[in-house]
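Here the structure comes first, spelled out in structure tokens, and everything after it is commentary.
When a ligand or atom number is given, it counts from 1 through the structure's own listing order. Because the structure is predicted, anything quoted here is derived from the model rather than measured. What's counted below: heavy atoms across the whole structure, side chains too, no hydrogens, waters or symmetry copies.
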Amino acid sequence: MAVSTIYSTQALNSTHFLTSSPSSSSKQVIFYRRQTNRRFNTIITCAAQQTVVIGLAADSGCGKSTFMRRLTSVFGGAAEPPKGGNPDSNTLISDMTTVICLDDYHSLDRTGRKEKGVTALDPRANDFDLMYEQVKALKSGIAVEKPIYNHVTGLLDAPELIQPPKILVIEGLHPMFDERVRDLLDFSIYLDISNEVKFAWKIQRDMAERGHSLESIKASIEARKPDFDAFIDPQKQYADAVIEVLPTQLIPDDNEGKVLRVRLIMKEGVKYFSPVYLFDEGSTISWIPCGRKLTCSYPGIKFNYQPDSYFDNEVSVVEMDGQFDRLDELIYVESHLSNLSTKFYGEVTQQMLKHADFPGSNNGTGLFQTIVGLKIRDLYEQLIANKANAPTEASKA
Ligand SMILES: Nc1ncnc2c1ncn2[C@@H]1O[C@H](COP(=O)(O)OP(=O)(O)OP(=O)(O)O)[C@@H](O)[C@H]1O
Ligand SMILES: O=C(CO)[C@H](O)[C@H](O)COP(=O)(O)O
């Protein structure tokens, strides 16, 4: 197979070549990481389809996996690791979606990071050139061999083959950090979990499920904070939707972190995305739905809706403080929200009931994650329909 075209040599740490066999239409992309001379190559079937790319950014332990499970459920079918592949793969594949975890682009393994004194959040521990090249290839219908970061061993494992899906979700610490990768995203989401809530969730998971001590959890959060503030948090300014999770305002001086105030911040003017609203688009609304149609125990539920600005962008914000007592009654709230992109009346409630056991199902985190999932489905369908209706080059001439 001869190298026919070099289509990017700009990258600092890696480069790739598009090669093609004169006798076939198959294509191959070879990625070399320069520092290690490690090679990621792939047999390609070049598809006519274009992959829609979604970015989901958040710190570790902030609910990305839970969100992904809600999102893939909206598209139907179960999401599973690649069949017959590395049991420690971070990838999840369903009929429509492939979710890749950007931890796989760590260029330094656990020992390497320790030796160099950098955290995984530091851009120097990640290969953004390779990330860009591979997301770009997948977006244009070309399969790639993606590295795997093994969270069990802390090592970089042999790569796995990723075929271009209909919808590619890139989730992790840095989907919007590198401008080139950011520009490939059709839609981006940031999960913004306040420090108090992050701490409560970490304790719940890492103490109860992973046997870590309270002191070690505190130390790990503190050690990550400077890099989180420098490299992760600033990405929220680029997100099309931000789900912000804060302590409740319904209980004065609450420090338990069980009742949450959750804000869905939606950028205006994003192609194929029209923000959800409560009652009357563009108005400012405060709504306490507790009464005859919604059961609410202390401290109740309060919704707010208003136009606002966020990092100089015009946004719409829907906010829910409090939690549901009975999930089936969510239909009452759903019927007052508009622009939900549901396919039938009650679809949000149905999705929430289906995953009632997921964390956050009784509060705004689950509700807004479900709504964003439906909006992504709608965006995907509009993008595809638009592409199908676009005049071909020949018919334009
Ligand atoms: N909406 C929520 N409400 C309450 N707890 C939550 C919520 N979402 C996540 N959690 C808690 O945080 C933990 C981590 O969630 P999840 O595994 O979805 O996060 P993650 O960002 O994928 O984590 P990691 O990157 O470390 O794998 C869960 O086990 C749960 O304890
Ligand atoms: O921030 C993280 C994203 O998940 C992890 O800490 C990072 O990927 C390093 O993983 P590990 O702690 O397993 O070596």
> How far is atom 9 (C) of ligand 2 from its nearest protein heavy atom, and which residue and atom is that?
Replying inline: Arg113 NH2, 3.3 Å

Give the atoms of ligand 1, by number and element, whose distance to some non-hydrogen atom of [X] is under 4.0 Å.
{"X": "Lys64", "result": "18 (O), 19 (O), 20 (P), 21 (O), 22 (O), 25 (O)"}
{"X": "Cys62", "result": "19 (O), 20 (P), 21 (O)"}
{"X": "Gly360", "result": "1 (N), 2 (C), 3 (N)"}

> Do the side-chain N and O atoms of Gln382 and Asp378 include a donor-acceptor pair separated by under 3.5 angstrom?
Replying inline: yes

> Just checking, any donor-acceptor pair under 3.5 angstrom between side chains of Thr370 and Gln351?
Replying inline: no

>> With salt bridge (charged side-chain N to carboxylate O under 4.0 Å, His left out) as the rule and sequence neighbours excluded, what pairs involving residues 62-77 come up?
In response: none

> When you look for heavy atoms under 4.0 Å from ligand 2, do you find them on the side chain of Leu173, its backbone, both, or neither?
Replying inline: side chain

> How does the hydrophobic cluster around Ile331 look, that is, which other residues are in it when side-chain heavy atoms under 4.5 Å mark a link?
Replying inline: Tyr345

>> Distance to the ring centre below 6.0 angstrom and angle to the axis at most 45 degrees; does that hold for Lys375 and Phe187?
In response: no

>> For Thr66, which part has a heavy atom under 4.0 Å from ligand 1: side chain, backbone, both, or neither?
In response: both

> Who gets closest to atom 7 (C) of ligand 2 by heavy atom: Arg110, His106, Lys114, Glu171?
Replying inline: His106

> Given His174, His151, Arg224, which one has a non-hydrogen atom that is nearest to atom 1 (O) of ligand 2?
Replying inline: Arg224

> Do any nitrogen or oxygen atoms of Thr365 lie less than 3.5 angstrom from nitrogen or oxygen atoms of ligand 1?
Replying inline: yes

